[in-house]
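The figures here come from the full heavy-atom set of this structure, side chains too, leaving out hydrogens, waters and symmetry mates.
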Amino acid sequence: MTLLSVVVPVRNEESRLSTTLAALTTALAATREPCEVVVVDNTSTDRSGEVARGHRSGPVPVRLIRCDQPGKGAAVRTGVLRTDSRYVGFCDADLATDMAALVPTLRFLRTGVNVVVGSRAHPNSIVRARHTQIRQAGAWAFRHAAGSIVPGVGDTQCGYKFFDRCTADAIFQPLRTPGWAFDVELLARAQRIGAMIVELPVSWTDVPGSTFRPMRDGYRSFAALARIRAILGAEKPRAAVPVMTPVAEVA
């Protein structure tokens, strides 16, 4: 049985996908555990799918699936629900989060933590960012607004999150946010079922090539938060998942 599946949502990433897959499969192979990479082609118009399909196979298999519904949330949901591994998670195609985080991530999951969240807000994280003042201000406002939906989580948007199978199925099945803000709904659902969430310090480097545009996407993100609040408010709480006694955060 596959221990860990890593989902990589991709939209027009042909220029860097080969390098990303090489680095990711190398990091997974170093764990010496049965792992796989699942690339989700999210309506790409370039050769991203061909690059993934042509990746040279090694100890860590790479498989390609397609998601025709636009949006990162839709792509990640499709990928996660097409896996049956004991643990599953996702990372961004730019590998902004250093994959050295995989070792403590697996350690936490094996001790019974349900959700491991890469957190740039963790005091022990190393963050190399180059954002403009406008984007920094927008990010601060978004974190403040998201905090009212997911209290206690310092960084909802880092593209590095991993789950045990039971929790993944419970929170991805009903996920209804297809776009960039899907992490907020995901984490809110995890909190509602009593999942244990640990924020993990990461080494994160801002990589050029982001498709997020503050003026274009900022309004959409805040509108998405309002929709998430309405969606969750209209639903009945789901059954809790088994959790263990909390453990200390990684230093």
Practice item. Determine, using ring centers only, whether Phe182 and Phe90 are less than 6.0 Å apart. Key: yes
Exercise for review: Would you give the length of the straight line joining atom CD of Glu14 to atom CG of Asp41, rounded to the nearest 0.5 angstrom?
Suggested key: 11.0 Å
**Study point:** Minimum heavy-atom distance Asn42-Arg11, with the two atoms named
**Key:** O-CG, 3.2 Å
Review point. Given side chains that start at C-beta, do those of Val198 and Val115 come closer than 4.5 Å, heavy atoms only?
Key: no
Review point. Between Pro151 and Gln191, is any pair of side-chain heavy atoms under 4.5 Å apart?
Key: yes
Practice item. Evaluate the side-chain proximity of Val10 to Val8: yes if any heavy-atom separation is below 4.5 Å, no if none is. Key: yes
Revision key, fill the gap. Sorted by chain and number, sequence neighbours left out, side chain to side chain contact (heavy atoms under 4.5 Å, CB included) with Thr26 holds for none
Review point. Minimum heavy-atom separation for Ala27 to Met99, with atom names?
Key: CB-CB, 3.7 Å
Point to revise | Side-chain touch Met1/Pro34, heavy atoms, less than 4.5 angstrom | key: no
**Study point:** Residues Glu33, Arg86: salt bridge by 4.0 Å N-O rule
**Key:** no
Practice item. List the steps, then state whether salt bridge (charged side-chain N to carboxylate O under 4.0 Å, His left out) holds for Arg189 with Glu235. Key: CA-CA 11 Å; Arg189 290 187 180 281; Glu235 291 182 357; 2.8 Å; yes
Practice item. For the residue pair Asn114 and Phe163, establish whether any side-chain heavy-atom pair is separated by less than 4.5 Å. Key: no
Check your understanding: With distance as the sole test, does Asn124 use its side chain to make a donor-acceptor pair with the main-chain N or O of Pro201 at under 3.5 Å?
Key -> no
Review point. Any idea which heavy atoms bring Val40 and Cys67 closest together, and the distance?
Key: CG1-CB, 3.7 Å
Check your understanding: Side chains of Glu36 and Val6: does their closest heavy-atom pair fall under 4.5 Å?
Key -> no
Exercise for review: Spell out, as yes or no, whether a donor-acceptor pair under 3.5 Å connects the side chain of Glu13 to the backbone of Arg47.
Suggested key: no
Check your understanding: If you draw a 6.0 Å radius around CZ in Arg176, do more than 12 non-hydrogen atoms from other residues or ligands fall strictly inside?
Key -> no
Check your understanding: Is there a donor-acceptor pair under 3.5 Å between the side chain of Thr97 and the backbone N or O of Trp204?
Key -> no
Practice item. To the nearest 0.5 angstrom, please state how far the CG atom of Leu21 sits from the CZ atom of Arg56. Key: 14.5 Å
Check your understanding: Less than 4.5 Å apart, any side-chain heavy atom of Leu4 and any of Leu106?
Key -> yes
Review point. Taking atom OG1 of Thr105 and atom CG of Leu109, what is their separation to the nearest 0.5 Å?
Key: 6.5 Å
Review point. Do any N or O atoms from the side chain of Thr20 and from the backbone of Arg16 form a donor-acceptor pair under 3.5 angstrom?
Key: yes
Point to revise | Minimum heavy-atom distance between Ser221 and Ala181, given as atom pair plus value | key: O-CB, 4.3 Å
Point to revise | Polar contact flag, side-chain donor to acceptor under 3.5 angstrom, Thr2-Ser85 | key: no
Check your understanding: Does the side-chain hydrogen bond (donor to acceptor under 3.5 Å, both in side chains) test come out yes or no for Arg66 and Ser44, once each step is laid out?
Key -> CA-CA 9 Å; Arg66 185 171 176 86; Ser44 293; 6.0 Å; no
Study note, to complete from the structure: Applying ring pair (Phe, Tyr, Trp, His ring centres under 6.0 Å) to Phe162 and not counting sequence neighbours gives Tyr160
Practice item. Identify the two heavy atoms, one from Val202 and one from Ser119, that lie closest to each other, and give their separation to 0.1 Å. Key: CG2-O, 3.9 Å
Check your understanding: Which is it for Val117 and Ile197 under the side chain to side chain contact (heavy atoms under 4.5 Å, CB included) test, yes or no, and what are the steps along the way?
Key -> CA-CA 7 Å; Val117 178; Ile197 302 172; 3.7 Å; yes
Point to revise | Rounded distance [0.5 Å steps], CD1 in Ile228 versus CD in Glu185 | key: 5.5 Å
**Study point:** Residue from Ile171, Val88, Leu175 passing side-chain contact (heavy atoms from CB on, under 4.5 Å) with Val80
**Key:** Val88
Check your understanding: Less than 4.5 Å apart, any side-chain heavy atom of Ile65 and any of Val39?
Key -> no
Check your understanding: Does Asp46 offer a backbone N or O that forms a donor-acceptor pair with the side chain of Asn12 under 3.5 Å?
Key -> yes
Practice item. Locate the shortest heavy-atom distance separating Val150 from Ala188; write the atom from each residue and the value. Key: CG2-N, 3.9 Å
Check your understanding: Is there a donor-acceptor pair under 3.5 Å between the side chain of Asp164 and the backbone N or O of Thr167?
Key -> yes
Point to revise | OG-CG distance between Ser125 and Asp155, expressed to the nearest 0.5 angstrom | key: 8.0 Å
Check your understanding: Hey, quick one: are Trp180 and Val7 part of the same hydrophobic cluster, counting side-chain heavy atoms closer than 4.5 Å, chains of contacts allowed?
Key -> yes
**Study point:** Check: Arg192 side chain, Leu232 main-chain N or O, donor-acceptor pair, under 3.5 Å
**Key:** yes
Review point. Does CZ belonging to Arg165 count more than 12 external heavy atoms closer than 6.0 Å?
Key: yes
Check your understanding: Would you find a donor on one side and an acceptor on the other, under 3.5 Å apart, between the side chain of Arg77 and the backbone of Gln173?
Key -> yes
**Study point:** Glu199 side chain vs Ala121 backbone, donor-acceptor pair below 3.5 Å
**Key:** no
Revision key, fill the gap. So CZ of Arg227 and CG of Leu225: to nearest 0.5 Å the spacing works out to 9.0 Å
Point to revise | Check against side chain to side chain contact (heavy atoms under 4.5 Å, CB included), Leu17 and Thr19 | key: CA-CA 5 Å; Leu17 185 56; Thr19 301; over 6 Å; no
Review point. Would you find a donor on one side and an acceptor on the other, under 3.5 Å apart, between the side chain of Lys161 and the backbone of Thr156?
Key: yes
